[in-house]
Amino acid sequence: MIGPEASAAARLKDLGVHETVEFNSPPRPEMGDFSSPIALKLRKIRGQAPLVIAEEIRAGLESSLPRYIRDVTVTPPGFLNFFVDHRAFAADLIRESYGPVTPIPPEDSGKVEVEHTNVNPNKAMHVGHVRNAVLGDTIVRALRAAGRQVEVCNYIDDTGIQVVDVVTAFLYLEAPYYVGGEDFSEIWAKAPSDRPFDYYCWDIYAAVQSYLKPDPAAPLDAAEQSRATMLQERKAEITHAIEAGDTAIAHFAKALSSRIVRAHLRTAARLNVFYNLLNWESDILRAGFWDHTFQRLKEAGAIQFEESGLNKGCWVVPMGGTEETPEGARSRDKILVRSNGAITYTAKDIAYQLWKFGKLDTDFRYELWDTQANGEPLWTTAWDGEPREGFGRAARVINVIDVRQSEPQTVVYKCLDSLGFKEEARNSTHLSYEVVTLSAQAAAELGVDVEEGQDVSMSGRKGLGVKADDLIDRMAGVIRSRSAEATLDAEALAAAAIRYYMLRFSTNTRIRFDFEVASQTNGDTGVYLVYSFARACSILAKAGEGSGRPDEFVVPRSLSSEEKDLLREMGRLPQAIQSAAESLTTTPLTTYAFSLASAFAGFYDHTPPILREPDPDIRQFRLSLVGAFREVMKKTLSILGIPALERI
RNA sequence: GUCCUUGUAGCUCAGUGGAUUAGAGCGCUUCCCUGCGAAGGAAGAGGUCGUACGUUCGAAUCGUACCAGGGACACCA
């Protein structure tokens, strides 16, 4: 599917216009179907009057008109106006809508590694994690639709403090306490059977935080204080046991995080989010990635050992040294190895980033984790797995992480550069996005009082957040109550609504999560998109088997403005995909999907009922148009990860 | 303090150099189903695009300053 705009752009390129060409609508329809200010832009570059440039381009175009363009005119101060041959366009578009999307082929080649989700495996997913997963998954879909080869990985931080904390809570927050040994059956039994495992962990993680990190505003009493001291001591023991690797507690921790990961993957699958590979932090450590990386960083002189000063005894990345502030001296350097020899998260991340580019001599071992609901296998790194070719070795790496981690990401890429991997550093992208906060209304529902109009940050520590599964369940309930369809897949439609809600915002807009807004089922929502698709399916079903076939229609002599609008929108899908894949944002796709659905609604409401149309040619053409819309919308929904339901 | 980011209609947001009318949804005021799905469509009210100066033939869009939100600057991740 190449629309008139794309064909015009291609011809302009042939004529030596290498700048990005943009198109827009002229103020009056008689001035053309679309226009371009390219000659005005070229004025500065070529130093000629825009009207002269425009006229020159027009003459060039006229000698061999772009496909689907029947005329080109010039209007002051130098706009090029294009008149579309709608009949030719309609004929091709309807036929091609059934084929694959054929976007402009990518200039760069090689595999793209996208990492997203990355939820700490110690509690249930909340709406903030949903934003990450849905954003990452949609970018993956857009890149694949644009012809890129993509591998998706999900990083599991199973050796971090958050897991240690929840293990501490599991073993020692409530009786029966862990008393040593290999038998954890009594411990596991503490998780109630009537509450999801990840929800239980959510609760005990928040509960243990009140001892490990007490709120200064609410000091602990004597009894609580002694309990807190006990838990701190146990936490230290657990930390050592997990670091040691092959201990009973380490195995318990791994079993616990595995259970949580299974819960996360189930939740993600409910939102049509899938992966290729799970990368476990414990495997990064055991595979010796860091030792290898450490050696190279030292050799390259990218890091230095501090003999004195604030960071005495640490290996650091120099980022500006010590600076004086009113609060005293402070170091801007980034510590990779602490004075006790332990490495920081950023250090692991450097090694991991090198693995993604295939720049380490060592590799993980792998095993099959599961087959996902999309039918694709999911692999995982595993210490006792098998060597396996084909993972990593990417040409480009995209890490989907929220904006608060911009600085550590910068350090990682800087270190790649210092190691001499200049191209890899350039091809590393932090896909940064703003966080999700809770509106006063959402917070109130979770039992937190906030001033009207204020919002509140989610906090795993405090157990404050909207859980993803709760949101999906709730949305499905709202949807079920609105539908007359007995066979409605409310859960699938809930996923549509939630995904679209998250994707509508640009990445640097903070989402103030609000139940009322999120659960809207009319207007600019995912439900509206699916509705338009279901409506088209319904018309075609009523018209009978095989109606709307792409090969049996005659384009009428004249088309209505609604028909033209619909055609134009259908032809724009490749541009929307390309724009999303280039900018790594989802708004080009969501705004496109909405205008496509709106164009269909406009067409539907301003066209006499097709099924009662007496002229068989017109009836057949319009059914073909509906059929083409169904195909284009299906592709659009698929890129958004939204299920195309034929009835809602 | 330094750096990043945001400020567009009552609310929530798109738009980030182009054309005398800056778009959408929600909310508000009116219409439109014995004619294909009203989770829809049509019409209307509602905006000095934070403020000021500048660059440009042209600025919501670029630059500078200021004001106001948010975030990052740990031997956390």
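The structure presented is a predicted model; accordingly, all values stated were derived computationally and were not measured. Chain A is the first sequence line, chain B the second, and so forth, proteins listed ahead of strands; every chain is numbered from 1.
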Across all strands, who's sitting opposite A65(B) as a Watson-Crick or G-U wobble pair, both distances under 3.5 Å? U51(B)
Check this one for me: any side-chain N or O of T509(A) less than 4.0 Å away from OP1 or OP2 of A14(B)? yes
Checking all strands, does P50(A) fall into the base, sugar-phosphate, or nothing category for heavy-atom contacts under 4.0 angstrom? nothing
Select base, sugar-phosphate, or nothing to describe what Q409(A) touches, counting heavy atoms under 4.0 Å on all strands. nothing
Heavy atoms only, 4.0 Å cut-off, all strands: where does V527(A) land among base, sugar-phosphate and nothing? base
Base of C33(B) relative to its sugar, syn (within 90° of 0) or anti? syn
Contacts of D565(A) meeting side-chain hydrogen bond (donor to acceptor under 3.5 Å, both in side chains) (sequence neighbours excluded), chain-then-number -> R568(A)
At under 4.0 Å between heavy atoms, how does the protein contact nucleotides 24-32 of chain B? Give one character per nucleotide, 5' to 3', with B, S or -. SSS------
Separation of the P atoms in G15(B) and U5(B), to the nearest angstrom: 16 Å
Any T521(A) side-chain nitrogen or oxygen under 4.0 Å from OP1 or OP2 of A39(B): no
With sequence neighbours excluded, tell me which residues meet side chain to side chain contact (heavy atoms under 4.5 Å, CB included) with Q162(A). N120(A), N122(A), K123(A), Y205(A)
Looking only at atom P, what distance separates C11(B) and G17(B), rounded to whole Å? 27 Å
With the threshold set at 4.0 Å, does a side-chain nitrogen-carboxylate oxygen contact exist between K348(A) and E281(A)? yes
Identify all side-chain donor-acceptor contacts of residues 36-43 of chain A below 3.5 Å with residues at least two apart in sequence or on another chain.
unit_1: S36(A); atom_1: OG; unit_2: E22(A); atom_2: O; d: 3.1
unit_1: S36(A); atom_1: OG; unit_2: I38(A); atom_2: N; d: 3.2

Separation of the P atoms in U21(B) and C33(B), to the nearest angstrom: 35 Å
Sorted by chain and number, sequence neighbours left out, side chain to side chain contact (heavy atoms under 4.5 Å, CB included) with E485(A) holds for S483(A), T487(A), L488(A), R647(A)
Judged by each residue's nearest nucleotide on RNA chain B, which is more toward the 5′ side, K41(A) or Q454(A)? K41(A)
P atoms of C3(B) and G50(B), separation to the nearest Å: 23 Å
For S282(A), what residues pass the side-chain hydrogen bond (donor to acceptor under 3.5 Å, both in side chains) criterion, not counting sequence neighbours? D158(A)
Between C26(B) and G40(B) - P atom distance, rounded Å: 7 Å
Hits for side chain to side chain contact (heavy atoms under 4.5 Å, CB included) against T429(A), two or more places apart or cross-chain, chain-then-number order -> R396(A), I398(A), L584(A)
Sorted by chain and residue number, the side chain to side chain contact (heavy atoms under 4.5 Å, CB included) partners of Q405(A) (sequence neighbours excluded) come out as Y345(A), I401(A), P408(A)
Report yes or no: does N118(A) contribute a side-chain atom to a donor-acceptor pair with the main-chain N or O of Y155(A) at less than 3.5 Å? yes
Pairs under 3.5 angstrom, nitrogen or oxygen only, protein versus nucleotides 71-77 of chain B, please.
unit_1: C75(B); atom_1: O3'; unit_2: R338(A); atom_2: NE; d: 3.4
unit_1: C75(B); atom_1: O2; unit_2: S339(A); atom_2: N; d: 3.0
unit_1: C75(B); atom_1: O2; unit_2: S339(A); atom_2: OG; d: 3.0
unit_1: C75(B); atom_1: N3; unit_2: S339(A); atom_2: OG; d: 2.6
unit_1: C75(B); atom_1: N4; unit_2: K312(A); atom_2: O; d: 3.3
unit_1: C76(B); atom_1: OP2; unit_2: R338(A); atom_2: NE; d: 2.1
unit_1: C76(B); atom_1: OP2; unit_2: R338(A); atom_2: NH1; d: 3.3
unit_1: C76(B); atom_1: OP2; unit_2: R338(A); atom_2: NH2; d: 2.6
unit_1: A77(B); atom_1: OP1; unit_2: R338(A); atom_2: NH2; d: 2.8
unit_1: A77(B); atom_1: OP2; unit_2: Y345(A); atom_2: N; d: 3.1
unit_1: A77(B); atom_1: O3'; unit_2: D157(A); atom_2: OD2; d: 2.8

Counting only side-chain N and O atoms of Y528(A), is one of them less than 4.0 Å from OP1 or OP2 of G41(B)? yes
Pick base, sugar-phosphate or nothing for F79(A), based on heavy-atom distances below 4.0 Å to the nucleic acid. base
